Amino acid sequence: MHTLVLASASPRRKELLALLQVPFVTEPANIAEQQVAGESPADYVQRLAAEKAAAVASNHPEFGVLGSDTIVVAGDTVMEKPTDFTHFSSMMQRLSGATHQVLTAVALHTPVGKWQTLVTTQVTFRNLSSTDIAAYWQTGEPHDKAGGYGIQGLAGKFVSHISGSYFAVVGLPLYETEQLLQQWQAITDNNQ
């Protein structure tokens, strides 16, 4: 495998990519993360992943660059990172006792091609009390998380059911990411 760059500052994505046992370095992508009017959640998350990969690939055209983005969607509403407790509380009330979607897109830009995948996971929360919500906010964990929670952390106790990729909810689907890397490797091998 040639040099791989992870276009992310996320410690969770870094830990997950390390599980695939491929050498990589990290370089965060500096892009605006704003949904465009009329853009579907799936289009939005795929665009962000591709833009992250493209931004870093422009600095390293000889390397493979992996970009990824994860969003939480309730109905048709993208649940961004909470701006304050009121915003967080309203998101948690909407997720409480309901099933929502977590969409994670992964984009791989390489000198020999570009690949992308989208993974959708259904996550169901148990009913949350106002005490649950306030106590979770006080931990500080939700402050920088899409949808206001981290499934790998304290909010794991809110999840009654998951259908799909747990690792995609954390931030990087391992199976699908490895498939992208294998496509790159196969083309590279054929070109040698």
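All of these numbers come straight from a predicted model, not from anything done at the bench. Values reported hereafter were calculated over all heavy atoms of this structure, with side chains retained and with hydrogens, waters and symmetry mates removed.
Residue D69 holds its CG atom at 11.5 Å from CG of L172, rounded to the nearest 0.5 Å. Remark: F24 CZ to L6 CG distance equals 6.0 Å, nearest 0.5 Å. To the nearest 0.5 angstrom, L108 atom CG is 12.0 Å from Q182 atom CD. In this structure, E33 CD and E80 CD are separated by 8.0 Å, a value rounded to the nearest 0.5 Å. Within the model, atoms OG of S165 and CG of L174 stand 7.0 Å from one another, a figure rounded to the nearest 0.5 Å. One finds the CE atom of M79 at 7.0 Å from the OG1 atom of T77 (value rounded to the nearest 0.5 Å).
In this structure a side-chain-to-backbone donor-acceptor pair under 3.5 Å is missing from K81 to K145. Judged by distance alone, the side chain of T104 and the main-chain N or O of A168 form a donor-acceptor pair under 3.5 Å. With hydrogens and angles disregarded, no donor-acceptor distance shorter than 3.5 Å links the side chain of H143 to the backbone of G148. Proximity of a side-chain donor or acceptor of E141 to a complementary backbone N or O of L154 within less than 3.5 Å is detected. Distance alone, capped at 3.5 Å, is enough to place a donor-acceptor pair between the Q46 side chain and the A42 backbone. Within the 3.5 Å criterion, the main-chain N or O of M92 finds no donor-acceptor partner in the side chain of S96. Side-chain atoms of R126 do not come within 3.5 Å of backbone N or O of V159 as any donor-acceptor pair.
When the shell of 6.0 Å around CZ of F85 is examined, it contains more than 12 heavy atoms from other residues, nucleotides or ligands.
In this structure, H87 has no ring-ring contact (aromatic ring centres under 6.0 Å, His included) partners at least two apart in sequence or on a different chain. Considering only residues two or more places apart in sequence or on other chains, R47 meets the salt bridge (Lys or Arg N to Asp or Glu O under 4.0 Å) condition with E39, E51.
Put simply, the side chain of F88 does not reach to within 4.5 Å of the side chain of D84, judged on heavy atoms. For the pair L181/V22, a side-chain contact is recorded, criterion being any heavy-atom separation below 4.5 Å from C-beta on. Q122 is not listed as a side-chain neighbour of H100, based on a closest heavy-atom distance of 4.5 Å or more. Between P142 and Y136 there is a side-chain heavy-atom pair separated by less than 4.5 Å. Annotation: side chain of L4 is not in contact with side chain of P23 (no heavy-atom distance under 4.5 Å). Looking only at side-chain heavy atoms (C-beta outward), L19 and L16 come within less than 4.5 Å of each other. A 4.5 Å side-chain heavy-atom check between L128 and Q93 finds every atom pair outside the cut-off.
The ring pair (Phe, Tyr, Trp, His ring centres under 6.0 Å) contacts involving residues 38-62 comprise H60-F63, where partners must be two or more places apart or lie in separate chains.
Residues Y175 and F167 keep their aromatic ring centres 6.0 Å or farther apart.
Put simply, L103 and V119 are part of two different groups of oily side chains (I, L, V, M, F, W, Y) that touch within less than 4.5 Å, one to the next. Note on W137: it clusters hydrophobically with L95, by side-chain heavy-atom contacts below 4.5 Å among ILVMFWY residues.
Taking all atoms of both residues into account, the shortest heavy-atom contact from G67 to A7 is CA-CB, 4.3 Å. Here the closest non-hydrogen pair linking V106 and A49 is N-CB, 4.2 Å.
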With side-chain hydrogen bond (donor to acceptor under 3.5 Å, both in side chains) as the criterion, how do R13 and T26 come out once you've worked through the C-alpha distance, each side chain's angles and the decisive distance to 0.1 Å? CA-CA 10 Å; R13 285 199 181 98; T26 59; over 6 Å; no

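Of the candidates I151, V123, V102, I151 is the only one forming a side-chain contact (heavy atoms from CB on, under 4.5 Å) with Y166.
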